[in-house]
Protein chains: 2
Amino acid sequence: MVNQRRKRRDQLQYILEQDPFLTDDQLAALFGVSVATIRLDRMALGIPELRERTKEMAATVHSKLRSMHGMEVIGELVQLDLGQYGISILPVSDALVFERTRILRGHHLFAQGNSLAAALVNSPRALTARAEVRFERPVYLDQRVVCEAEVEEQQYNRYTIAVNSKVDGETVFSGQFVVADVAGKEESLK
Amino acid sequence: MVNQRRKRRDQLQYILEQDPFLTDDQLAALFGVSVATIRLDRMALGIPELRERTKEMAATVHSKLRSMHGMEVIGELVQLDLGQYGISILPVSDALVFERTRILRGHHLFAQGNSLAAALVNSPRALTARAEVRFERPVYLDQRVVCEAEVEEQQYNRYTIAVNSKVDGETVFSGQFVVADVAGKEESLK
DNA sequence: CCTCCTGTTACTACCTGGTTATAATTGAAC
DNA sequence: GTTCAATTATAACCAGGTAGTAACAGGAGG
C-alpha cells in the first residue's frame, strides 16, 4: 500500500523530469488514480504546478541565453593582469561532454584557452590569428579545468600567448595562440 | 489618433520582446490604457497570451537543450564519407559573435572543424590529440561557414585531417587536426 | 446641426489548470 | 470488526486569459 505510493511518487518525479509539460489530468490518467491523488503526490514531492514549472524553465533559459550572449570569456575569469597573465576556471557540465564517454569535447578546452588569450590582449578588437594546441589527456564530466595563459612575446600588434590547462594539477591541454589586435585596422568593421 | 495606436503597438511589440513575462494587466498600466485595448493590440499583432508565450519559450528551449546535448557535430552535416571526407555548414547566429564587432569568435570555427574531423573517424571514441589552425579572415554575423575536412593520412589509430572553412568561396579558417581513435584503449572509460 | 466611423472601454459569460479545505470512502492490517 | 492511513469527491476560489456584445467619445463629412 505504502509501497505503491512510494513507487508512484518515484515514477511521478522521473516522468515530470522527462516531460515537465504534463497536466495533473494527464498524470492522473497515466497512473490510473484521481487528480486529487496526483496533487497530493506533487505536494509531498514539492513539485510546483505546470504553469510554475514552465514559467521557471522559460525564465532560467531567458537569463541563460542572456548571460551566454554576454559571455566574453568561456569559463570563470579568476585572475587577469592585462597584457600579461590570466586564469580562468571551467566546470565540466554535462552539456559539454560526449554522451557516451563523458569526455569533454576538445573544442571547449580550445574555447577556454582562446577566450582567455583574447581577454589578455587589452583591446576590444583582439582576434586570434593562429593556434597550435595539444590535447594531452581526456577531461571528464564534473572535473574543473584551470586554464592559465601568459603573454610570451609581443611584436607590434601581435601577441604570442602560452596556454596551459590543468585538472588536479595535471596538464590536460596546452597550446600557443597568436592574437592580433586589429583596433583601427579593419575599415570594414565600421 | 491612428498614429498613437501605431506607436503603442510598435512599443508593445518591442517591450514584449524584451520581457515576455508581462500580463495584460501590467501592460495596460504601463501604457495607461485599458486591458481591453491591450488585448485588441495583441490580437492585431498576433501575439499570444502570457501563458502561451512562456510555454513556447520553455518548449523551444527544452528541445534546444536536448538537441545541443546530442549535437555531436557543430554546424549542420551535409556530407559525410566515413574515414575520408565531410562537409558541414555553420550559420553565424548572434550568439556566436562578439557583441561589438559582430565578428565570429574564433573557437566556433575551431569547434566546427574539430567536430567534423572527429565525425570523420568512424568511432565512438575519437579524441582530438593535436591541432594547428590559422584564422585567415574574420567571419561576420549572418554569414555561412562551409567547412570541408579530408583525411590525409592514417597511421595505426591516428588520423591526420585537413580542414578548410570558407565563406563565399574565400578561405577564412584552415588547419590540421590529429584525431586518435582510442576505442578499446582507455580502461578508465568503462 | 446631425450622422457616421473609428478607437476605446466596460461588462458578462466562459475556460484551463490549478489552490485550499473539508468530508466521504476504500482497503488492508491488527 | 474496528481502526487508521491512503485515496477520492466536492465545493469555493484564483489568475490570466478568450469571446462577444454594448456603450461612449471625438473628429470628419454631409
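Labels below follow one simple rule: chain letters A, B, ... track the order of the sequence lines, proteins then strands, and each chain is numbered from 1. These numbers were taken from a predicted model, which means no experiment stands behind them.
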Name the nucleic acid region contacted by [X], choosing base, sugar-phosphate or nothing; use a 4.0 angstrom heavy-atom cut-off, strictly under.
X: B:Arg42; value: sugar-phosphate
X: B:Val35; value: nothing
X: A:Asp25; value: nothing

Do we see a donor-acceptor contact under 3.5 Å between the side chains of A:Thr171 and A:Asn164? yes
Out of [options], which has the shortest distance to the side chain of [X]?
X: A:Arg51; options: C:dG17, D:dG17, C:dT9; result: C:dG17
X: B:Ser34; options: C:dT9, D:dT18, C:dT19; result: C:dT9
X: A:Ala36; options: C:dG18, D:dA9, D:dG17; result: D:dA9

Ignoring backbone atoms, test whether [X] places a side-chain nitrogen or oxygen under 4.0 Å from the OP1 or OP2 oxygen of [N].
X: B:Thr37; N: C:dT9; result: yes
X: B:Arg5; N: C:dT6; result: no
X: B:Arg39; N: D:dA19; result: no

What integer distance in Å separates [X]:[atom1] from [N]:[atom2]?
X: A:Leu16; N: C:dG17; atom1: CG; atom2: C1'; value: 14 Å
X: A:Arg9; N: D:dT7; atom1: CZ; atom2: C1'; value: 11 Å
X: A:Met43; N: C:dT20; atom1: CE; atom2: P; value: 6 Å
X: A:Asp24; N: C:dG17; atom1: CG; atom2: P; value: 10 Å
X: B:Leu40; N: D:dT21; atom1: CG; atom2: C1'; value: 13 Å
X: A:Leu50; N: C:dT19; atom1: CG; atom2: C1'; value: 14 Å
X: B:Ile38; N: C:dG7; atom1: CD1; atom2: P; value: 16 Å
X: B:Gln26; N: D:dG17; atom1: CD; atom2: C1'; value: 14 Å

Pairs in or reaching into residues 34-43 of chain A: which pass side chain to side chain donor-acceptor pair (under 3.5 Å), with residues at least two apart or in two chains? A:Arg8-A:Asp41, A:Arg9-A:Asp41, A:Asp24-A:Arg39, A:Asp24-A:Arg42, A:Ser34-A:Thr37
Sequence neighbours left out, cut at 3.5 Å: what donor-acceptor pairs do the side chains of residues 141-153 of chain A make with other protein atoms?
from: A:Gln143; atom 1: OE1; to: A:Tyr140; atom 2: N; distance (Å): 2.8
from: A:Glu148; atom 1: OE2; to: A:Tyr85; atom 2: OH; distance (Å): 2.5
from: A:Glu152; atom 1: OE1; to: A:Gln176; atom 2: NE2; distance (Å): 3.4

Hey, is the main chain of A:Lys55 close enough, under 3.5 Å, to the side chain of B:Arg51 for a donor-acceptor pair? no
Side chain to side chain donor-acceptor pair (under 3.5 Å) with B:Ser88: which of B:Gln112, B:Gln79, B:Glu76? B:Gln112
